**Q** 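Quick one: the structure is below, questions incoming.
Naming: A, B, ... by sequence-line order, numbering from 1 per chain. Bear in mind the structure is a predicted one, so any value in this text is a computation, not a measurement.
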Amino acid sequence: MFLLADNVWLDALLRMTIVAVLVPVGVILLTWVERKVIGRLQQRLGPMHVGPFGLLQGIADTIKLMTKEDVRPDSADRPTFELAVFVIVVPVFMAAVAIPFTADIFVRNMALGLFYFLAVSSLGIVGFVMAGWGSDNKYALLGGVRAGAQLISYEIPLILSAVAVAMLGQSLSLYTLVELQDNTPFIAYQPLAFVIFIIAGLAELYRQPFDIPVAESEVVGGPTVEYSGIRWSMFQMAEFVSLVLISALASLLFLGGWVWPFGADNATWLQVVLMVVKTSAFILFFMWMRVSVPRLRIDQLMALCWQILLPFAFLQIIINGLVLVYDWPSWTLTILSGAAAIAMGAIIYRVARRSGVLYQTSGAAEQVGLVL
Amino acid sequence: MTSEVFNVYIAVLIATIFGFVLVGSALIGNLILSPRQKSPHKGVTYECGMLPIGRSRAQVHFRYYLFAILFLIFDIEAVFLFPWAVSFVELGEQAFYEMLVFIGILAFGLLYAWKKGVLNWR
């Protein structure tokens, strides 16, 4: 590892300064990207007026949010209300330490990076419950407990699919896990874990279709309902940074990060290009899901997690264990995990179809007289 | 080795401080830039334009606690899975079957909760 400065404290400080500068810039850019992408997907133009292609829209929004009056309910529990913002943003920063972006660009290369990332990134849940409780608002309280229930539930499939990858690589260091994928990315061996990771990751980001904690038409923004101006934008910032981090983690764990398909010792610029392409692909996928999939009801949401994703995540771990302990050839892993992934897809499809989530099925539609 | 570990967690400490500083400076910037006009109506919590009725810290349904307990069980299992996952190939067959028994017991617990209808959100 090369140091930016001789002193480790100064080195860490310099690296974190770069992260701390990149985060607000990245978030401002991502809000523009998200609005533009969603606009295009809905056959609108998205932001157009501020700057070329509306590029400066994010900066205009920031200025607006900075100069907005900070309104706080009189009856709010003040320490909880104020601290919640910190509790949500700080873990995101702490998690950013563990993610290596290329072989040379990272804050710290941790031996237990994967474990640390999963542990720290789940601290934000406490912030949501605090925000919900501290606001003294019925919508916020309901949104807060919903956020708690959803985020802790989906934490488990997320962790278990990460365990499956750790089993394959026999390591918890993200750096080592990526270096092992120079010929074949782990998605080829772990399609089931990949699908579970993406679904659970989407739920951890509480974006549509898993957005009941913050659903506007149900709990008018959930825990964030009483937060205004810059405080609200902190929630937004945490959401976008976690979006980037989860996307980066998915590309590190399953798509071979910076090594696949060009091998381990390619040039740094090529590694950066690879990571940017893979991470943006995941970010765009998450944005695409946001406009194309209808929101799940809370009972469907919990059933998907506990009755489908969790058993299949255990199945993936058992498959991995069998194949690795008895040293079966690696293609058996592909076949077994692929078959299980298809089975899971079929089960989700059947359940969704039977309960009428997939289409407004004719029976349900006729009952309410909504034949289109 | 110890200095290596120490080195990593210095960065974590600094990241934590940076998080607090970033949020704090945004809040202070807001304090300087924003207008302030006191009004008794601004302090009322939002309830779709109506005045809020009753206490907001209402009781929460019991099912949330059931899911929290289930989460605790499986989260602790995940903590045990991590060290096992990186070493079970070296330890061989026996370690694998021992973990299989452990997963089996918890899977049985999940099945029991499923049968009892805990997993159905009603």
**Q** Need one label for B:Leu100: side chain, backbone, both or neither, based on atoms under 4.5 Å from any heavy atom in chain A.
**A** side chain
**Q** Checking A:Ala98 against chain B: side chain, backbone, both or neither under 4.5 Å from a heavy atom?
**A** neither
**Q** Counting only non-hydrogen atoms closer than 4.5 Å, does A:Met66 touch chain B with its backbone (N, CA, C, O), its side chain (CB onward), both, or neither?
**A** both
**Q** Which bit of A:Val97 is near chain B, if near means a heavy-atom gap under 4.5 Å: side chain, backbone, both or neither?
**A** side chain
**Q** Checking B:Ala107 against chain A: side chain, backbone, both or neither under 4.5 Å from a heavy atom?
**A** neither
**Q** Under 4.5 Å heavy-atom distance to chain B, tell me which part of A:Leu112 shows up: side chain, backbone, both or neither.
**A** neither
**Q** When heavy-atom pairs shorter than 4.5 Å are enumerated against chain B, which of A:Ile318, A:Leu160, A:Leu142 gives the highest number?
**A** A:Ile318
**Q** Counting only heavy atoms closer than 4.5 Å, note whether A:Arg146 contacts chain B via side chain, backbone, both or neither.
**A** both
**Q** Without swapping roles, check the side chain of A:Arg108 against the backbone of B:Val12 for a donor-acceptor pair under 3.5 Å.
**A** no
**Q** Using non-hydrogen atoms and a 4.5 Å limit, figure out which bit of A:Ser75 sits close to chain B: side chain, backbone, both or neither.
**A** both
**Q** Would you mind checking which part of A:Ser233 comes under 4.5 Å of any heavy atom in chain B, side chain (CB onward), backbone (N, CA, C, O), both or neither?
**A** neither
**Q** What is the ring orientation for B:Phe20 with A:Phe86, classed by angle as parallel under 30°, tilted 30 to 60°, or perpendicular over 60°?
**A** parallel
**Q** Got a second to check how far B:Phe82's CZ is from A:Ile159's CD1, nearest 0.5 Å?
**A** 6.0 Å
**Q** For the residue pair B:Tyr9 and A:Tyr116, does the interplanar ring angle fall in the parallel (under 30°), tilted (30 to 60°) or perpendicular (over 60°) class?
**A** perpendicular
**Q** Between CD1 of A:Ile230 and CD1 of B:Ile28, what distance do you get to the nearest 0.5 Å?
**A** 12.0 Å
**Q** For A:Asp77, is it the side chain, the backbone, both, or neither that has a heavy atom closer than 4.5 Å to a heavy atom of chain B?
**A** both
**Q** Which bit of B:Leu31 comes within less than 4.5 Å of chain A, counting heavy atoms only: side chain, backbone, both or neither?
**A** neither
**Q** At a 4.5 Å cut-off on heavy atoms, which part of A:Glu82 comes close to chain B: side chain, backbone, both, or neither?
**A** neither
**Q** Is a donor on one side and an acceptor on the other found under 3.5 Å between the side chain of B:Asn30 and the backbone of A:Lys68?
**A** yes
**Q** Which region of A:Val120, side chain (C-beta onward) or backbone (N, CA, C, O), has a non-hydrogen atom less than 4.5 Å from a non-hydrogen atom of chain B, or is it both or neither?
**A** neither
**Q** Under 4.5 Å from any heavy atom of chain A, what part of B:Leu13 do you find: side chain, backbone, both or neither?
**A** side chain
**Q** Which region of A:Ile156, side chain (C-beta onward) or backbone (N, CA, C, O), has a non-hydrogen atom less than 4.5 Å from a non-hydrogen atom of chain B, or is it both or neither?
**A** side chain
**Q** Go through B:Phe18 and A:Val23 one step at a time and tell me if the side chain to side chain contact (heavy atoms under 4.5 Å, CB included) criterion holds.
**A** CA-CA 11 Å; B:Phe18 261 78; A:Val23 159; over 6 Å; no
**Q** Side chain to side chain contact (heavy atoms under 4.5 Å, CB included) with A:Phe93: which of B:Thr16, B:Leu22, B:Ile17?
**A** B:Leu22
**Q** Which bit of A:Glu226 is near chain B, if near means a heavy-atom gap under 4.5 Å: side chain, backbone, both or neither?
**A** side chain
**Q** Measure distances from A:Leu322 to the heavy atoms of chain B and classify the residue's part below 4.5 Å as side chain, backbone, both or neither.
**A** both
**Q** At a 4.5 Å cut-off on heavy atoms, which part of A:Val163 comes close to chain B: side chain, backbone, both, or neither?
**A** both
**Q** For B:Tyr64, is it the side chain, the backbone, both or neither that has a heavy atom under 4.5 Å from a heavy atom of chain A?
**A** side chain
**Q** Can you measure from CE (A:Met16) to CD1 (B:Ile14) and round to the nearest 0.5 angstrom?
**A** 8.5 Å
